[in-house]
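To start, the structure under review is shown below, and the notes come after it.
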Amino acid sequence: MSERIRNSFKIINENDTTEIRRLCGSVHSADIARKLSELKVSDVREVIIKINPHKAAHIFQYFSDSLQSKLARLLSIEELAAILGYMATDEQADVLKKLDKHKQNDVLQLMPEKNSKQASALAAYPEGTAGSVMTKSFITLPLTATVAEAKKKVKEFEDPRNLHYIFVTDNLERVCGTLRMFSLIDMDGTIPVSEIADTEIFSVRPFDDQEKAARKLEHYDLLAIAVVDDGGKMLGLITYDDAFEVIIKEQTEDMQKLMAISAGDADNGESYLNISSWQHFKKRILWIVGLAILGLGSGYVLHTYEDVLDALVILAIYMPMLADTGGNTGSQSATLVIRALALGELKARDIFRVIFKEVKISVMISVVLMVLAYAKIAILSGGTTMPDGFSLSQIALAISIALGVQVVSATLIGAVLPIGVSSLKLDPAVIAAPAITSIVDITGLLIYFYTVTTMLGIH
C-alpha cells in the first residue's frame with residue numbers, strides 16, 4: 001500500500017477540505033472507500049460532502065450495502081440526489097431501495113426525469129430477482145440497420161462500461177440477435193446487421209432468481225445477458241461485474257448457512273470487525289440453541305444403553321472415534337451435494353443416482369476405516385483385561401463393523417437430506433453441517449450400540 005493511502009486517515013481526521021479533495025482525486029475510489037468504512041458514519045458523510053459529486057459517486061459504490069444504507073438516510077435530499085446523478089441506473093435503484101418512500105420520492109423529484117423513471121422502475125423489482133440487478137443502459141438496433149448505423153449509436157452511447165453487446169430486435173421489438181462491439185471496427189458500413197448478428201440468444205426474465213441469472217451468464221461465458229419480458233422485448237441487461245457480486249453474495253450466504261449461521265440482513269457485505277457483537281450473537285444463537293436441543297437425543301441414547309457401558313467400559317473409549325468419523329463423512333458428502341445443487345449439476349430427480357454413487361463411495365471408505373479401527377483397538381487396548389466371556393478381537397471386530405455401517409449411514413444422510421430439502425423448493429444450504437453432524441451423532445450411537453450388543457450377545 002502506498003504512503004499516501006497509509007496517511008489518508010491523518011488527512012481525513014484533520015478535516016482539511018483541500019487536502020481531502022486532493023487525496024480523493026489521486027487515490028483509487030476503492031482504497032478511499034475501504035479507509036472511510038472504518039470511520040463513524042457521520043464522519044464518512046463529512047468527507048463525502050466535501051468532494052465533488054462525481055468522485056463521491058465512485059467512492060459510494062464501493063461501500064458495503066449497510067454503510068450505503070446508513071449514508072443514504074444521513075445525507076440530505078439535495079446531497080443524495082447530486083451523488084445519484086453520477087451513478088448507473090441499477091446502482092441508483094439499489095440506493096433508492098434503502099430509503100423510506102417519502103425520502104425516495106423527494107430524491108426522485110430532484111433527479112433528471114429520464115433517470116428517475118428508470119431508477120424508479122428498477123427499484124420496484126423485489127430483492128433477489130434478476131430485475132433488481134439489471135441496468136437500463138444498453139443499445140438496441142433493428143434488423144434493418146447497417147453497420148454504419150451501429151457505429152454511430154456506439155459513439156453516441158452514454159455509458160461505455162456496459163457496451164459489451166449491441167442487441168438486435170425484429171419488427172416486434174423482440175431480441176433476435178447480438179453483436180459484439182469490437183466486431184464492428186473494421187467492417188464495411190453498408191453491411192446489414194442481420195447478416196452478422198449472432199442469433200443464439202441467452203436471456204432471463206426479470207423475476208427470475210438473480211443467482212440463476214448470474215450462473216447462466218457464467219455458464220455460457222458471457223459479458224452480459226439480456227433481461228426480457230414474456231414477449232421477448234428488452235427490459236435491461238445484467239453485466240458480468242454485477243453477476244460476480246451476486247455470486248459472491250450468494251456464496252457468502254450459503255457458507256453461513258452451512259455453518260449454522262443465520263443469513264440475515266444485518267451484515268449486508270460488512271466485514272467481520274464492522275459487525276457488532278450483538279448482531280453476531282443474534283445470527284448464531286438460534287441455531288446453537290436448536291442444535292443443543294437436538295443434542296439431547298444423543299444423551300437419551302447413552303442413558304438407554306448405560307448398563308452396556310457399565311459392562312464394557314472399552315465401548316465408551318471408542319465412541320468419540322465413531323462420532324467424529326460419522327460427522328466428517330456426513331458433512332463431506334453434504335457439502336459436495338449442496339455445491340452440485342447450487343451449480344445446477346444435480347436436481348431432486350437425481351436422488352437415486354446420488355444414493356447409488358454415495359453407497360459405492362462410502363463402502364470403499366468404510367472398508368479402509370474398519371481396517372484402521374481394528375488395528376487401532378488392537379494396539380491401544382492390547383493390554384486391557386476384558387470381562388469374562390469377551391475377547392479383544394471380538395470387541396474390535398464389533399466396533400469396526402459398527403464404524404463401517406456408520407460411515408455408510410452418515411454419507412447417505414449427508415447426501416439425501418439436502419436433496420430432500422431442495423425437492424421442497426427450499427434452500428439446501430439450510431441443512432447446515434452442524435445440523436447434519438447432530439443427526440449423524442444420534443443415528444451413529446444407535447448403530448453403534450445395536451451392532452455391538454447384537455454381535456457380542458449383550459442383552
Side-chain angles (χ1 to χ4, degrees), residues 33 41 45 48 53-54 56-138 140 158-159 161-162 203-214 217 224-230 233-250 253 264-270:
V41 182
R45 176 187 176 275
I48 288 295
H54 185 261
H58 276 284
I59 295 171
F60 199 94
Q61 69 182 353
Y62 287 105
F63 289 142
S64 67
D65 285 349
S66 176
L67 182 53
Q68 283 187 0
S69 181
K70 293 172 185 175
L71 275 174
R73 292 194 293 266
L74 199 58
L75 290 165
S76 69
I77 296 168
E78 294 77 15
E79 291 165 347
L80 187 56
I83 292 172
L84 289 178
Y86 291 96
M87 298 173 73
T89 52
D90 55 330
E91 294 169 352
Q92 291 173 346
D94 287 341
V95 176
L96 288 170
K97 286 179 184 178
K98 298 174 173 66
L99 303 174
D100 60 64
K101 285 294 181 182
H102 179 72
K103 187 168 185 178
Q104 185 181 114
N105 291 333
D106 288 344
V107 172
L108 285 169
Q109 288 178 8
L110 293 179
M111 293 170 60
E113 184 178 357
K114 180 183 176 182
N115 284 2
S116 64
K117 284 185 177 180
Q118 290 183 347
S120 181
L122 291 179
Y125 288 105
E127 280 295 327
T129 62
S132 70
V133 293
M134 73 179 181
T135 177
K136 289 279 190 179
S137 184
F138 57 86
T140 58
E158 59 199 26
D159 192 358
R161 293 175 302 170
N162 294 334
S203 63
V204 294
R205 299 287 189 270
F207 290 99
D208 285 349
D209 184 87
Q210 63 179 14
E211 186 178 11
K212 174 187 173 183
L217 188 147
I225 191 167
V227 182
V228 300
D229 63 16
D230 292 337
K233 293 183 180 180
M234 188 86 174
L235 296 175
L237 81 162
I238 299 173
T239 58
Y240 71 93
D241 52 337
D242 289 327
F244 178 75
E245 290 180 10
V246 167
I247 290 173
I248 292 295
K249 182 178 179 180
E250 295 289 344
E253 290 179 1
D265 295 328
D267 52 343
N268 279 327
E270 288 275 25

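Note that the numbering runs from 1 along the sequence shown for the chain.
- With values rounded to the nearest 0.5 angstrom, Asp90 atom CG is found 11.5 Å from Lys136 atom NZ.
- Residues Met87 and Val95 share a closest heavy-atom pair of CE-CG2, 4.0 Å.
- In this structure, the side chains of Arg205 and Val228 come closer than 4.5 Å at one or more pairs of heavy atoms.
- In terms of modelled atom types and a separation under 3.5 Å, the side chain of Lys70 and the main chain of Ser66 share no donor-acceptor contact.
- Arg73 approaches Lys103 most closely through the heavy-atom pair O-NZ, 3.1 Å.
- One finds the OG1 atom of Thr239 at 8.0 Å from the CG atom of Leu217 (value rounded to the nearest 0.5 Å).
- When all heavy atoms are compared, the tightest approach of Ala130 to Ala213 is CB-CB, 4.1 Å.
- The OG1 atom of Thr135 lies 7.5 Å from the CD atom of Gln118; values are rounded to the nearest 0.5 Å.
- Here the shortest heavy-atom pairing between Thr89 and Ser137 reads OG1-N, 4.3 Å.
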### Message
Set out, in order, the CA-CA distance, both residues' side-chain angles and the distance that settles side chain to side chain contact (heavy atoms under 4.5 Å, CB included) for Asp208 and Val227, then state yes or no.
### Response
CA-CA 9 Å; Asp208 285 349; Val227 182; over 6 Å; no
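- In this structure, CG on Leu80 lies 11.0 Å from CD1 on Ile48, to the nearest 0.5 angstrom.
- Gln68 places a side-chain N or O within donor-acceptor distance of the main-chain N or O of Phe60, the cut-off being under 3.5 Å.
- Closest heavy-atom contact between Lys97 and Ala123: CE-O, 3.4 Å.
- Residue Lys212 qualifies as open at atom NZ: its count of foreign heavy atoms under 6.0 Å is 12 or below.
- The CE atom of Met134 sits 5.0 Å away from the CG atom of Leu122 when rounded to the nearest 0.5 Å.
- The closest donor-acceptor contact from the side chain of Ser116 to the backbone of Glu113 lies under 3.5 Å.
- Between atom CD1 of residue Ile238 and atom CZ of residue Phe138 there is a gap of 12.5 Å, rounded to the nearest 0.5 Å.
- Closest approach of Tyr125 to Pro206, counting heavy atoms only: CE2-CB, 3.5 Å.
- Considering Leu99, Asn105, Leu110, Leu108 in turn, Leu110 is the only one that fulfils the side-chain contact (heavy atoms from CB on, under 4.5 Å) rule with Ile77.
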